[in-house]
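Both counts, for ligands and for their atoms, begin at 1 and track the order of listing. All values below come from the heavy atoms of this structure, side chains included, with hydrogens, waters and symmetry mates left out. None of the values given here were measured: they were computed from a predicted structure.
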Amino acid sequence: MRLHHKSIVVTGAGGGMGLAVVKLLLDKGANVIATDLNTQMLNDFESEQLAVFEGDMLDETFVEKVFAEGNAKFGSISGLVNAAGIAQKAKPIEDVSLAEWTRILNVNTTLLFLTCKEAAKYMKKQGYGSIINVASISAVRPRPGLQAYITSKGGAESLTRALAIELADHHIRVNTIHPGPCDTNMLEQFAADGANIDEVKNTIFKQSVPLGNLLKPADIAYSIAFLLSDEAHMITGATLNVDGGRGI
Ligand SMILES: NC(=O)c1ccc[n+]([C@@H]2O[C@H](COP(=O)([O-])OP(=O)(O)OC[C@H]3O[C@@H](n4cnc5c(N)ncnc54)[C@H](O)[C@@H]3O)[C@@H](O)[C@H]2O)c1
């Protein structure tokens with residue numbers, strides 16, 4: 001599985017999974033266009049293969065800039081990995097404000113619309129491309145109190161399938177990853193107010209995984225690298241559960 005000569009945009013690149021994706025893609029020889037609200041975690045990388053953009057991927061002008069400058073630097077946009085996202089604190093629907101609902105849907109679904117739209121422009125001209133949207137196994141195995149998050153991740157998967165059929169003629173593949181509970185900063189943000197975070201993480205989440213462990217960011221990154229690679233050239237519109245069996 002080699003990714004030489006590929007140039008891949010990674011959103012959420014400063015987060016747990018995004019950072020693992022950036023590391024693995026660089027290691028596999030890809031050029032990486034990494035972007036996040038906060039890119040401090042990317043400061044340690046010194047690589048000719050890496051271009052870093054700090055900003056809000058809900059800002060359409062900024063999205064256009066990331067793709068244009070990435071394309072100018074590396075000569076193509078062969079892949080897009082959407083690992084940006086936000087969690088929801090578990091709570092009853094009556095306590096969810098419209099502002100919170102809208103914010104979660106914007107980041108977890110509308111951000112994907114903006115980046116996929118921009119990617120499609122470049123990939124159609126090239127006649128190839130691979131897009132991976134990170135959703136969540138909770139979209140099909142919900143937990144109570146996460147209605148906005150779960151809806152946003154269902155939207156991410158539906159958008160993926162819609163684009164897989166729309167872009168297939170252009171040899172652009174679009175796939176979803178459904179991670180299970182993964183050991184990143186995000187995990188504890190799902191805990192309800194007053195909950196014991198260690199208990200939520202190491203008991204409730206861990207016990208929900210049949211294989212018996214929380215996922216590591218690298219587990220997600222390996223699956224993403226495979227879907228980006230030419231070895232996956234006949235896979236599109238698929239959802240890959242990388243969840244230790246949580247979706248069974
Ligand atoms: N951690 C889990 O257990 C888990 C499980 C299933 C799915 N997921 C999904 O996996 C993806 C990665 O999650 P993670 O665990 O690495 O979380 P994380 O919080 O470590 O990383 C998410 C990153 O997205 C960035 N981001 C948020 N809004 C942004 C915006 N508007 N513009 C640019 N960047 C923005 C954040 O700054 C952060 O660095 C998310 O979509 C998440 O919903 C996570």
Can [X] and [Y] be counted as an ion pair, charged N to O under 4.0 angstrom?
| X | Y | value |
| --- | --- | --- |
| Asp193 | Lys91 | no |
| Lys117 | Glu60 | yes |
| Asp183 | Lys201 | yes |
| Glu118 | Lys121 | yes |

At under 4.0 Å between heavy atoms, is it the side chain or the backbone of [X] that contacts ligand 1, or both, or neither?
| X | value |
| --- | --- |
| Lys153 | side chain |
| Phe205 | neither |
| Val107 | side chain |
| Ser138 | neither |
| Asn38 | neither |

Of the protein's non-hydrogen atoms, which lies at the shortest distance from [atom], and what is that distance?
| atom | answer |
| --- | --- |
| atom 34 (N) of ligand 1 | Leu37 N, 3.5 Å |
| atom 16 (O) of ligand 1 | Met17 N, 2.8 Å |
| atom 27 (C) of ligand 1 | Gly85 O, 3.6 Å |
| atom 21 (O) of ligand 1 | Gly15 CA, 3.3 Å |

Numbering as shown, the atoms of ligand 1 that approach [X] to under 4.0 Å (heavy-atom distance):
| X | value |
| --- | --- |
| Gly55 | 32 (N), 33 (C) |
| Gly180 | 3 (O), 5 (C) |
| Val134 | 9 (C), 10 (O), 11 (C), 41 (O) |
| Leu111 | 30 (C), 31 (N), 32 (N) |
| Leu187 | 3 (O) |
| Pro181 | 3 (O) |

Exercise: do Ser208 and Arg143 side chains pair donor with acceptor under 3.5 Å: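 Yes, side-chain donor-acceptor contact under 3.5 Å.
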
Polar contact flag, side-chain donor to acceptor under 3.5 angstrom, Asn82-Thr11: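 Side chains of Asn82 and Thr11: pair found under 3.5 Å.
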
Evaluate [X] for polar contact with ligand 1, using N/O atom pairs at a separation under 3.5 Å.
| X | answer |
| --- | --- |
| Phe190 | no |
| Ile137 | no |
| Gly16 | yes |
| Thr184 | yes |

Side chain proximity check, [X] to [Y], heavy atoms < 4.5 angstrom:
| X | Y | answer |
| --- | --- | --- |
| His178 | Thr176 | yes |
| Cys182 | Ile220 | yes |
| Leu80 | Phe67 | yes |
| Leu228 | Val81 | yes |
| Ser76 | Tyr128 | yes |

Ring geometry between Phe53 and Phe62 (parallel below 30°, tilted from 30 to 60°, perpendicular above 60°):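 Ring orientation, 0 to 90° scale: perpendicular.
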
